[in-house]
There are 2 protein chains.
Amino acid sequence: MATTTNIKEVARLAGVSLGTVSNVLNQPERVSEATRKRVLDAIAELGYVRNDSARQLRAGRSRQIAIVVLDVTNPFFTDVVRGAENAAEEQGVMVVVCNSGEDADRERRHLDLLEEQRVRGVLITPVDDAPDSRLEKLINRGTPVVLVDRGSGWRDRCSVAVNDVLGGRLAGEHLIAGGHRRIAFVGGPMSIQQVTDRHQGVKLALEGAGDLEGAELTTVTTPTLTVASGRAAAAQMADMPDAGRPTAVFCANDLIALGVLQELTRRGVRVPADMAIVGYDDIEFAAAATVPLSSVRQPREQLGRTATQLLLEEIESGGRHEHRHVVFQPDLVIRASSHIET
Amino acid sequence: MATTTNIKEVARLAGVSLGTVSNVLNQPERVSEATRKRVLDAIAELGYVRNDSARQLRAGRSRQIAIVVLDVTNPFFTDVVRGAENAAEEQGVMVVVCNSGEDADRERRHLDLLEEQRVRGVLITPVDDAPDSRLEKLINRGTPVVLVDRGSGWRDRCSVAVNDVLGGRLAGEHLIAGGHRRIAFVGGPMSIQQVTDRHQGVKLALEGAGDLEGAELTTVTTPTLTVASGRAAAAQMADMPDAGRPTAVFCANDLIALGVLQELTRRGVRVPADMAIVGYDDIEFAAAATVPLSSVRQPREQLGRTATQLLLEEIESGGRHEHRHVVFQPDLVIRASSHIET
DNA sequence: AGAGGTATATGAAACGTTTCATTGAATCGT
DNA sequence: ACGATTCAATGAAACGTTTCATATACCTCT
């Protein structure tokens, strides 16, 4: 183990006082050029590395923020993380990424540790909305927190989210405009706010087209938002009698949509001729599917970026801070999977 | 800002000495049950949270390890991260995830910060092999480091990697066994060791089939390992004259393979009938492609898990440690994209 | 030449823990 | 009953910074 060279040794080698070395590190302009050089040389020679623990201890707080995501293997969240990192980097703040894996207990342990580390703030998509949660304690003790994509019900926090009802409506209206009257919604579980919002949106679209008497919405609930669930749902739909079978399907996310696409193609159902598909999230693999997937695009990176800005704002404000709720509007990206060539 | 309640206040409220509180926290068995309860009550009442900076300062080191990945949005690396997290969790160690984004400068900044934080060890897939690198300094100062998937040329470190030459050979032999004689390799840049190894592997497979005189390998070099590069490469191949055009393609990773698949399908080239495809990595989206992709599977999670175990081992050993190089053998997963039904 | 400034450099205090040598009290064995 | 042993609790020292009030030297102006 490299015996830690400390500021004192540097001072001795450079022939200056301990405080001067600190000044070179933190306020170089206060030190004469000659001594500054001497100190920097000593630092280089000894390979001195600042001890952040001592620094933080003295300062009373760290220089890091944390982002706690539900699933680090989900492309949606990795993009959010990238946005947060970029925004933080511009301010010279480091981001620590924590993965709760949708496990409340693991989330709790992460928050324990983060609080012990006195992080300056936390971006989080919480696992649940338990009112008496670990998260609430963190907030009450004074750590700034911004909610990412799970804003509902937290009036007293900053949050960023996407208007999922609108996203659902865009998808629905697009399919109706394409001539579809029997539409299916595939997604779940319904305990997830985003899923019900998207469902609600497509429902509104169908109701809005009131003059079209025949319009009808089938809902296929899935246990998870995964490719496998999509495949199962597609199998279920393909087995329906031809008469009532939907001609279009709107999926709660792209993983499901990819599963649906895969299973339909396997069964010889042509997409979009026999069945159109619209997904949600517009992850990179949506465009890369063999039948490129239409999808409702969320500004994922922007989500992370804005959340970080709100957090840094709250941190800077030191108490005087008005919480804000930023809601983004999604876009519909039309690709081959729902584009009927005429 | 929550005025930090410290151990001293807890001691006062509980009517014990400062050292006793510390003992309750760290060696509860040394404290009588009565006082322990009194202290714990005081902690709960005050909402006391340990200050990790002070703890670390005293201890001289942290309780965290870090993993620095090339690209946090690449499914390959997120799986490696998950493996590392799981292994670390079992030992009560936290993992900090850092993303270099293939940017050497960003990698350097991360390492600076990690060293200041006195992390106990680092798992890293370095951006480059620069001999006089920041990484080497870190190592020389005594921080244990394990190289992930970039083992070559670092004899004096632990490393984990996958036998990419074998992976390439498996893919090549599979295609030859399927009757293919004109095979293309798509991938790049060749400066990446993994790419040249995989290329080398498929070349060996063709040479091994020496009796097959007609066997021939075309190499299409791409600038990146992305879906877009795959599409471009496929376009290039499709434009070749029918006579010399390959009947099978082996891609350096799955993203490229998905791009190739997409472009070929768009052009009406049937997969696998007209052209077979084998990818590399077996990411989740490989199986979910409309023509499920054959792929060389790497034990991604295992890679992260083993790397973490090696790192923890080195940390524990305190100097007396024999560096080890663990090389995994890849598997070929055969799916529809290379399976010619007869 | 002396008063008032302005740069620089200094050294001690403080941040909140953990550790460890001591002390004090209680229990044990003979 | 008394020394020996065990068990609990104590309090001061140390970890490596940053900060801040103070000291020193050097100018500048009248």
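The sequence lines fix the lettering, A, B, ..., with proteins before strands; numbering per chain opens at 1.
Close to dT18(D), at under 4.0 Å from its OP1 or OP2, lies a side-chain N or O of Arg55(A). At dT18(C), one or more side-chain N or O atoms of Arg50(B) fall inside 4.0 Å of OP1 or OP2 (strictly under the cut-off). Within the 4.0 Å cut-off from OP1 or OP2 of dG16(C), at least one side-chain nitrogen or oxygen of Thr4(B) is found. Neither OP1 nor OP2 of dT8(C) sits under 4.0 Å from any side-chain N or O of Thr35(A). Listed pair Arg58(B) / dG16(D) fails the phosphate criterion, with no side-chain N or O lying under 4.0 Å from OP1 or OP2. In this model, the phosphate group of dT18(C) is approached by a side-chain N or O of Asn26(B) to a distance below 4.0 Å at OP1 or OP2. Distances shown here put a side-chain N or O of Ser22(A) below 4.0 Å from the OP1 or OP2 atom of dT18(D).
Side-chain contact annotation: Gln117(B) with Gln117(A), donor-acceptor N/O pair under 3.5 Å absent.
In this model, no side-chain donor or acceptor of Arg30(B) finds a partner on the base of dA8(D) within 3.5 Å.
A straight line from CD1 of Ile43(A) to P of dG16(D) spans 16 Å, rounded to a whole angstrom. Spacing between atom CZ of Arg61(B) and atom P of dA14(D) amounts to 20 Å, rounded to whole angstrom units. Counting to the nearest Å, the C1' atom of dC7(D) and the CD atom of Glu33(B) are 15 Å from each other. Between the P atom of dA12(D) and the CD1 atom of Ile7(B) lies a distance of 16 Å, rounded to the nearest Å. Residue Gln27(B) contributes atom CD, which lies 13 Å from atom P of dA9(D) at whole-angstrom precision. When the P atom of dT17(C) is taken as reference, atom CG of Asp52(B) falls 10 Å away, rounded to whole Å. The interatomic distance linking Gln56(B) (CD) with dT17(C) (P) rounds to 13 Å, in whole Å. Between the CZ atom of Arg63(A) and the P atom of dT17(D) there is a distance of 13 Å, given to the nearest Å.
Here the side chain of Thr20(A) is nearest to one of dG16(C), dT18(C), dT10(C), namely dT10(C). Comparing dT17(C), dG16(D), dT10(D) against the side chain of Asn51(A) picks out dG16(D) as the nearest. Among the nucleotides dT10(D), dG16(D), dG16(C), the one closest to the side chain of Asn6(A) is dG16(D). The Ser17(B) side chain lies nearest to dT10(D) when the options are dT10(D), dT17(D), dT18(C).
Closest non-hydrogen pair, Arg157(B) versus Pro144(B), comes out as NH1-CA, 4.4 Å.
Along DNA chain C, the nucleotide nearest Val21(B) and the nucleotide nearest Ala34(A) are compared for position; the residue whose nucleotide lies closer to the 5' end is Ala34(A). Each of Arg38(B) and Leu57(B) was matched to the nucleotide of DNA chain D holding its nearest heavy atom; the match closer to the 5' end belongs to Arg38(B).
You'll find the side chain of Val326(A) reaches within 4.5 Å of the side chain of Leu310(A), heavy atoms only.
Nucleic acid contact class of Asn23(B) (heavy atoms, under 4.0 Å, all strands): base. Nucleic acid contact for Leu18(A): base, since at least one base atom lies under 4.0 Å from a heavy atom of the residue.
For Arg38(A) (side chain) and Ala14(A) (main-chain N/O), a donor-acceptor pair under 3.5 Å exists by modelled atom type. Distance alone, capped at 3.5 Å, places no donor-acceptor pair between the Thr143(B) side chain and the Gly121(B) backbone.
Under the side chain to side chain contact (heavy atoms under 4.5 Å, CB included) rule, Phe76(A) has a single partner from Thr125(A), Leu225(A), Asp149(A), which is Asp149(A).
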